[in-house]
Amino acid sequence: MALTGRAALLAALGSLPVGIWEPGWTGILAVNAPLAVACACDFALAAPVRRLGLTRSGDTSVRLGDGAEVTLTVTNPSRRPLRARLRDAWPPSSWQPGTETAASRHHLVIPPGERRRVTTRLRPTRRGDRRADRVTIRSYGPLGLFTRQGTHQVPWTVRVLPPFTSRKHLPSKLARLRELDGRTSVLTRGEGTEFDSLREYVPGDDTRSIDWRATARQSTVAVRTWRPERDRHILLVLDTGRTSAGRVGDAPRLDASMDAALLLAALASRAGDRVDLLAYDRRLRALVQGRTAGDVLPSLVNAMATLEPELVETDARGLTATALRTAPRRSLIVLLTTLDAAPIEEGLLPVLPRLTRRHTVLLASVADPHVARMAKARGNTDAVYEAAAAAQAHSERDRTAEQLRRHGVTVVDATPDELAPALADAYLALKTAGRL
């Protein structure tokens, strides 16, 4: 129990000293006899807290940046009406800064034997699982002089999924894919690996596509049209080591890599290709395999939700061995990792031939847009030094990318906003060239 501010004020104005005790606190307050009786009656009429029944319902997942609603149902089994204040506690990252107090606190009035619902609106600021903490209820008597307070554990988890902001690029990439597949009026000439149909030769067609047998049977020159192969295997490999923890803007590099991987997965699944996911640093962090086209994107989003960068150096040999076990047949392996010189030269390059010997390898890396702004800086000595440092960093990344290209790796190096569409374009280019 607890003495309210109203009762303390009345006690201070009283004249007869009376002792009041509660666990952890003992004191003497000056109160008059009628006030003491009123306080005792108020406490007796306050509804008990520990007998209340509490259950939850509502959203179990939400995309980062969107809102979620979790409903708490409070049942009052006692014979006294419940007048209470309720605090539904969640981790601080469950709300935007400064909004927790308004979102988590509720007023309740529940008649005897009835129930009421209160809704807590969450707006998480980080990916991952947000688990409800305790529910604290403070029950007031009719005069508001004394309160009963208690806590309840009412478990609930809301999974905060990656936002997938790059989905806005999906319609344009699908239009290009339809052109490659020949489902629009735009025909792709002489590319791909699967025979599609015959049509009449027009100037500009690749002469290697002429079907001489079909031409001999008709009066016009016939050429074969091709479409990219379907049912290819794509393995997305997320490097979750220390380099993925570096922040670019307001988010770590890992988040930009995830966004690019989701756009590529959505595009590839529409193209009829099979998409798997592997997240690795020094051990396996996530693995998604064998999903159907309709289930692959939800599975990837759910697996990525709880991934966090680990402050350890990525084991390139272990990553390569795991990737080879996951993709035993020829596949497109998309490495979403860093282009920093040391991790590539000391870690990836020595084991890269094991991957390129069997698979087509595409490496995508998140570039820092701040470096590009530094390169344009002028006007004073500090700005010139910044520009020189940016030029050196850019040169090192170019040198590292060229080393990878000499091993047959396709390299995509772009800022967070540009990485996802650039990676999708690289995939479509490989498909157009018949390299998948």
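Please read all numbers here as calculations on a predicted model, not as lab measurements.
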Distance, nearest 0.5 Å, that separates CG of Leu335 from OG of Ser257: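 Between atom CG of Leu335 and atom OG of Ser257 there are 11.0 Å.
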Leu339 side, atom CG; Asp413 side, atom CG - distance, nearest 0.5 Å: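 So the CG of Leu339 and the CG of Asp413 are separated by 5.0 Å.
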Backbone of Asp239 reached by a side-chain donor or acceptor of Thr314 within 3.5 Å: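 Not confirmed, Thr314 side chain does not pair with Asp239 backbone.
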Donor-acceptor contact present, side-chain His233 to main-chain Ile333, <3.5 Å: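 Not confirmed, His233 side chain does not pair with Ile333 backbone.
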Residue pairs passing the salt bridge (charged side-chain N to carboxylate O under 4.0 Å, His left out) test where at least one lies in residues 87-104, sequence neighbours excluded: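 Sorted result for residues 87-104: Arg56-Asp88, Arg87-Glu100.
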Do the charged groups of [X] and [Y] touch, with an N to O distance under 4.0 Å?
| X | Y | value |
| --- | --- | --- |
| Asp129 | Arg131 | yes |
| Lys173 | Asp425 | yes |
| Lys431 | Asp273 | yes |
| Arg282 | Glu310 | no |
| Asp66 | Arg123 | no |
| Glu345 | Arg399 | yes |

Donor on one side chain, acceptor on other, Asp417 and Thr415, under 3.5 Å: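 The answer is no; no qualifying pair exists.
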Of Thr60, Thr306, Asp59, Asn302, the residue whose pairing with Arg159 passes side-chain hydrogen bond (donor to acceptor under 3.5 Å, both in side chains):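 Single side-chain hydrogen bond (donor to acceptor under 3.5 Å, both in side chains) partner of Arg159 among Thr60, Thr306, Asp59, Asn302: Asn302.
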Residue among Arg126, Arg127, Arg247 satisfying side-chain hydrogen bond (donor to acceptor under 3.5 Å, both in side chains) with Asp255: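 The residue from Arg126, Arg127, Arg247 that satisfies side-chain hydrogen bond (donor to acceptor under 3.5 Å, both in side chains) with Asp255 turns out to be Arg127.
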Over all atoms of both residues, closest heavy-atom pair of Pro416 and Ala367: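 Where Pro416 meets Ala367 most closely, the heavy atoms are CD-O, 3.3 Å.
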